[in-house]
Every structure is written in C-alpha cells, then in structure tokens.
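A, B, ... follow the sequence lines: proteins, then strands. Residue 1 opens every chain.
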Number of protein chains: 2
Amino acid sequence: MNIGEAATQSGLPAKTIRYYEDIKLIAPLRDANGYRDFSDADVHKLGFLSRARTLGFTIENCRALLGLWEDQSRASADVKRIAAEHLAVIESKIADLCQMRDTLEHLMNTCHGDDRPDCPIINELASRR
Amino acid sequence: MNIGEAATQSGLPAKTIRYYEDIKLIAPLRDANGYRDFSDADVHKLGFLSRARTLGFTIENCRALLGLWEDQSRASADVKRIAAEHLAVIESKIADLCQMRDTLEHLMNTCHGDDRPDCPIINELASRR
DNA sequence: CTTGACCTTCCAGTTACTGGAAGGCCCATG
DNA sequence: CATGGGCCTTCCAGTAACTGGAAGGTCAAG
C-alpha cells in the first residue's frame with residue numbers, strides 16, 4: 001500500500017513515516033515507480049512506534065524496543081528495564097513540572113491582576129537572591 | 001565584569017549568556033579588548049531570566065516578562081495573564097505525563113521481568129488496535 | 001617569555017519532527 | 001488526447017534552547 005494508506009492505518013502523518021524511514025526505523029519496499037510499498041507488517045510496526053511514542057519513549061527507546069519485539073527470545077526483563085528507566089524520567093519530569101506549577105500558583109494567588117503596576121510575580125522574578 | 005563572573009553571579013553558563021545576547025535578551029557593553037563588560041543591572045537581568053526559565057517560561061515569555069518588568073507602568077494583569085497561560089501549559093504537560101506514567105506503571109506491574117520472553121509491555125505495544 | 005586561564009567568534013549537533021518548494025505519477029473526465 | 005486534481009517523490013530549512021568544540025586573541029603570574 002502507498003504511504004497515504006499506511007498513514008491512515010497507523011495514525012502517523014506521512015511526513016513522520018518518511019522520517020522514520022530516514023532514520024532507519026522502518027524499511028518499506030519500493031514500487032517500480034519509486035513509491036513506497038508498505039506491507040501489513042510495516043504498518044504493524046508503525047502502529048507499534050506510534051503507541052510507544054505516545055507513551056513518551058524516545059526514538060532510541062523505540063529502536064531498542066522494536067529490536068526486542070522482533071527478538072523472540074529476549075527476556076522480558078530487558079523490556080522492563082527500558083520501561084523502568086523511562087518511567088523514572090517521566091516521574092522526574094512530573095516532579096519538576098509540579099514544582100513549577102506550585103510556585104506559579106502561589107505567585108498568581110498573591111498577584112491581584114488588576115491595572116495597577118505592582119506585581120508580586122515580577123517582583124519575585126526580579127528579586128536578587 | 002567579565003562573562004565568567006557574570007555567569008557565577010547569575011548562575012547561568014557563559015555559553016547561555018552569549019546565546020541570550022545573540023537573541024537580544026541582553027546587550028552588555030564591550031571593553032576595548034572586545035570582552036563583554038556586564039553591569040550589575042545586566043547581571044540582575046540574567047538572574048531574572050534564570051529564575052523565569054527555571055519556572056519553565058519560554059524564551060519568548062521571558063522576553064515579554066522582561067519588557068513588563070522594565071515598564072514601570074504596566075498593569076499587573078498583563079503579567080498575570082502570561083503566567084496564567086504558562087500555568088495552563090504546565091498543567092497540560094503534567095496531565096499528559098501522568099497519563100503516560102499510569103499506563104507504564106500498569107504495564108510494568110503486569111510484566112514479571114524475568115528471563116522468559118513473554119512480556120506484556122511489548123505485547124501491548126504490538127497489539128493492533 | 002611562557003604558561004594557563006580567560007575571552008572571542010563561528011560552526012555544528014541535539015530531538016523529533018514539520019512546512020514548503022519543485023517536480024513526477026496516476027486516474028478520471030471532457 | 002489533454003488536462004486537472006490528488007497522490008507521490010526528494011531536498012532544504014526551520015523549530016526550542018541551548019551545548020560542544022575548534023581556532024585563535026588577551027591577560028596576569030612566575
């Protein structure tokens with residue numbers, strides 16, 4: 001099938017699929033006219049990538065996971081380790097963002113937000129520490 | 001003062017400070033030898049930028065906030081609006097990450113993570129939907 | 001005078017795409 | 001048979017916010 005159909009079926013934009021071929025995550029065949037020809041297996045792989053990316057795995061994580069997926073004899077521990085590392089990254093990001101949110105919320109609560117110039121948000125950012 | 005001292009005082013790497021000059025967030029004077037010469041006001045501004053960036057404001061947010069900081073007559077509502085928009089972005093990111101975390105945690109709990117090949121994490125990623 | 005710590009500019013790379021230009025291919029309609 | 005629209009192709013550039021490194025100038029100490 002052509003890239004448009006593969007895009008529809010996998011839920012990934014055609015541009016992204018071409019990019020994934022560029023970085024050698026997939027290698028669809030080519031028709032005589034130069035068009036990419038995606039097999040069901042290719043589309044399945046794209047779906048895998050789409051789901052892994054949705055879970056926030058990096059491209060290099062995805063490359064590793066694809067390798068493990070295709071290695072019928074890999075240990076589930078290998079997969080779990082990648083997932084655990086990724087989970088740690090996610091949790092750390094969440095913690096950072098929550099910290100930001102709390103600080104910002106606090107600042108917002110102390111700022112009256114009217115047309116007067118006095119503003120605790122700016123004051124806090126400007127304060128030498 | 002030289003860039004090294006400005007870096008120490010502001011907590012920003014010298015590279016980042018040069019970058020901020022590049023994109024016209026700051027405009028330190030120059031000594032006869034070509035070295036940047038940072039005033040206390042410059043360093044203060046760098047501290048402001050550092051704190052705003054720590055709170056996750058984008059560079060363009062920072063540019064706007066700097067403008068508001070230097071405008072003694074701006075309304076606090078202007079600042080609060082930027083902060084509120086930013087807060088919404090942060091909260092949306094947190095929600096996305098929490099979603100990822102929950103899904104990943106669930107998958108990790110169902111994966112025994114030993115040396116057998118069967119792995120629910122991979123299976124889930126591979127499942128056609 | 002040399003050494004080492006500074007400083008300068010410029011170029012390239014990072015992540016994961018995304019937009020757009022220029023041009024080829026395919027099918028249906030007039 | 002021509003043409004138009006919708007596919008497809010490649011290639012180049014841009015995004016955000018730095019970061020690393022090379023090549024070379026400056027300065028203060030010994």
Asks: Given atom CD1 of B/I17 and atom P of C/dC6, what is their separation to the nearest angstrom?
Replies: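 About 14 Å, once rounded to whole Å.
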Asks: Determine whether A/C111 and B/V79 make a side-chain contact, defined as any pair of heavy atoms from C-beta on separated by less than 4.5 Å.
Replies: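 When only atoms from C-beta onward are counted, B/V79 and A/C111 do not touch, as no gap falls below 4.5 Å.
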Asks: At under 4.0 Å between heavy atoms, how does the protein contact nucleotides 1-17 of chain D? Give one character per nucleotide, 5' to 3', with B, S or -.
Replies: ------BSBBB-----B
Asks: In this structure, how many angstroms lie between the P atom of C/dC17 and the CZ atom of A/R63, rounded?
Replies: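 Distance check: A/R63 CZ to C/dC17 P gives 12 Å.
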Asks: Taking only Lys NZ, Arg NE, NH1 and NH2, and the carboxylate oxygens of Asp or Glu, determine whether B/E21 and B/R18 approach each other closer than 4.0 Å.
Replies: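 Salt bridge between B/E21 and B/R18, a charged N being under 4.0 Å from a carboxylate O: no.
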Asks: For B/D31 and D/dA28, what is the distance between atoms CG and P respectively, to the nearest whole Å?
Replies: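 Computing the B/D31:CG to D/dA28:P distance gives 11 Å.
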Asks: Start with the C-alpha gap between B/F48 and A/I122, add the side-chain angles, then the distance that decides, and say whether side-chain contact (heavy atoms from CB on, under 4.5 Å) holds.
Replies: CA-CA 9 Å; B/F48 181 100; A/I122 284 281; 4.1 Å; yes
Asks: May I have the distance from A/I26 (atom CD1) to C/dC17 (atom C1'), rounded to whole angstrom?
Replies: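 Taking CD1 of A/I26 and C1' of C/dC17, I get 14 Å after rounding.
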Asks: Where do B/R116 and B/D118 land on the salt bridge (Lys or Arg N to Asp or Glu O under 4.0 Å) test, with the steps shown first?
Replies: CA-CA 6 Å; B/R116 285 172 298 168; B/D118 178 53; over 6 Å; no
Asks: Where the side chain of A/S50 meets the backbone of A/G11, is there a donor-acceptor pair that is under 3.5 Å apart?
Replies: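 Answer holds: no.
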Asks: May I ask you to say whether B/E5 pairs ionically with B/R36, meaning some side-chain N is under 4.0 Å from a carboxylate O?
Replies: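 A salt bridge is absent here (no side-chain N lies under 4.0 Å from a carboxylate O).
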